[in-house]
Amino acid sequence: MKILILNGPNLNLLGVREPGIYGSSSFDDYLPKLRKRFPDVEIEYFQSNVEGLMIDKMQEVGFTYDGIVLNAGAYTHTSIALQDCIRSLRCPVIEVHISNVHRREEYRHKSMISCACLGVICGFGLDSYLLAIEELIIIHNS
C-alpha cells in the first residue's frame, strides 16, 4: 500500500510556527513515528509552499497510489485548482488539519476542497494524519 502525505504552505515551519496552535514538533520528527506505526504502508511525504507543485505531485501519484492525506494549509480556503485536481484523481483524498479550524477565525471555517475529498479530519494535532492513514487502510482492505 502506498500513501502520499502532502503538506501545503507554511507547514514546513511546524514546531516553530505558532506552537500554541500547531504544537512544538516538526513534521520531520513526526514522520518516522507514522512509518513505525504503519510498517506495511509505504508513506511518501511532500511539502510545498507552491500550489502548482502540490497539484503536480497529486497528479503524479493520484492514479497509482492508494490514497493521499492532504493538509493544504491556507490553500484549503482559497483553491479551486486543488479542488479540481482532487476531483480528477482515482485515489481517495482525505483532508486533514492539525488544529480544529472551526474553533479559529471565521475565514478558516470554509474549505474549498472538502467537497472533493473523501472526508475531513481536524483538531487532533499531528495525530490527524494518523487517523487519516488508518481510514485509508480500512478502505484499502475492504
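Keep in mind that what you see is a predicted model, and the values were worked out from it rather than measured. Values reported hereafter were calculated over all heavy atoms of this structure, with side chains retained and with hydrogens, waters and symmetry mates removed.
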Original post:
For A74, what residues pass the side chain to side chain contact (heavy atoms under 4.5 Å, CB included) criterion, not counting sequence neighbours?
Top reply: none

For the residue pair [X] and [Y], establish whether any side-chain heavy-atom pair is separated by less than 4.5 Å.
X	Y	result
L70	I86	yes
E44	I3	no
I5	I133	yes
E51	P9	no
F38	M1	no
L4	F46	yes
F27	Q47	no
Q59	C85	yes

Original post:
Which pairs with one or both residues in residues 88-99 pass salt bridge (charged side-chain N to carboxylate O under 4.0 Å, His left out), sequence neighbours excluded?
Top reply: none

Subject >> Pairs touching residues 126-135 that satisfy salt bridge (charged side-chain N to carboxylate O under 4.0 Å, His left out), sequence neighbours left out >> reply: R37-E134

Look up atom [atom1] in [X] and atom [atom2] in [Y], then write down how far apart they are to the nearest 0.5 Å.
X	Y	atom1	atom2	value
Y65	E60	OH	CD	7.0 Å
D84	L89	CG	CG	11.0 Å
C117	I94	SG	CD1	8.5 Å
I98	S25	CD1	OG	9.5 Å
L136	H140	CG	NE2	10.5 Å
L82	T76	CG	OG1	8.0 Å

Same cluster or not: [X] versus [Y], using hydrophobic residues (I, L, V, M, F, W, Y) connected whenever any side-chain heavy atoms lie under 4.5 Å apart?
X	Y	answer
V96	I43	yes
L118	L130	yes
V93	F124	no
I68	L131	no
L6	F63	yes

Original post:
Mind checking what makes side-chain hydrogen bond (donor to acceptor under 3.5 Å, both in side chains) contact with S48, not counting sequence neighbours?
Top reply: none

Subject >> N7: partners by side-chain hydrogen bond (donor to acceptor under 3.5 Å, both in side chains), with sequence neighbours left out >> reply: Y45, Y129

Looking only at heavy atoms, which two atoms of [X] and [Y] are closest? And how far apart?
X	Y	result
L126	Y30	O-OH, 3.1 Å
S128	G123	OG-N, 3.9 Å
A81	I55	CB-CD1, 3.7 Å
S114	V120	OG-CG2, 3.5 Å
C122	S99	CB-O, 3.6 Å

Original post:
Got a sec, which hydrophobics cluster with I80, joining ILVMFWY side chains under 4.5 Å apart, including via others?
Top reply: M112

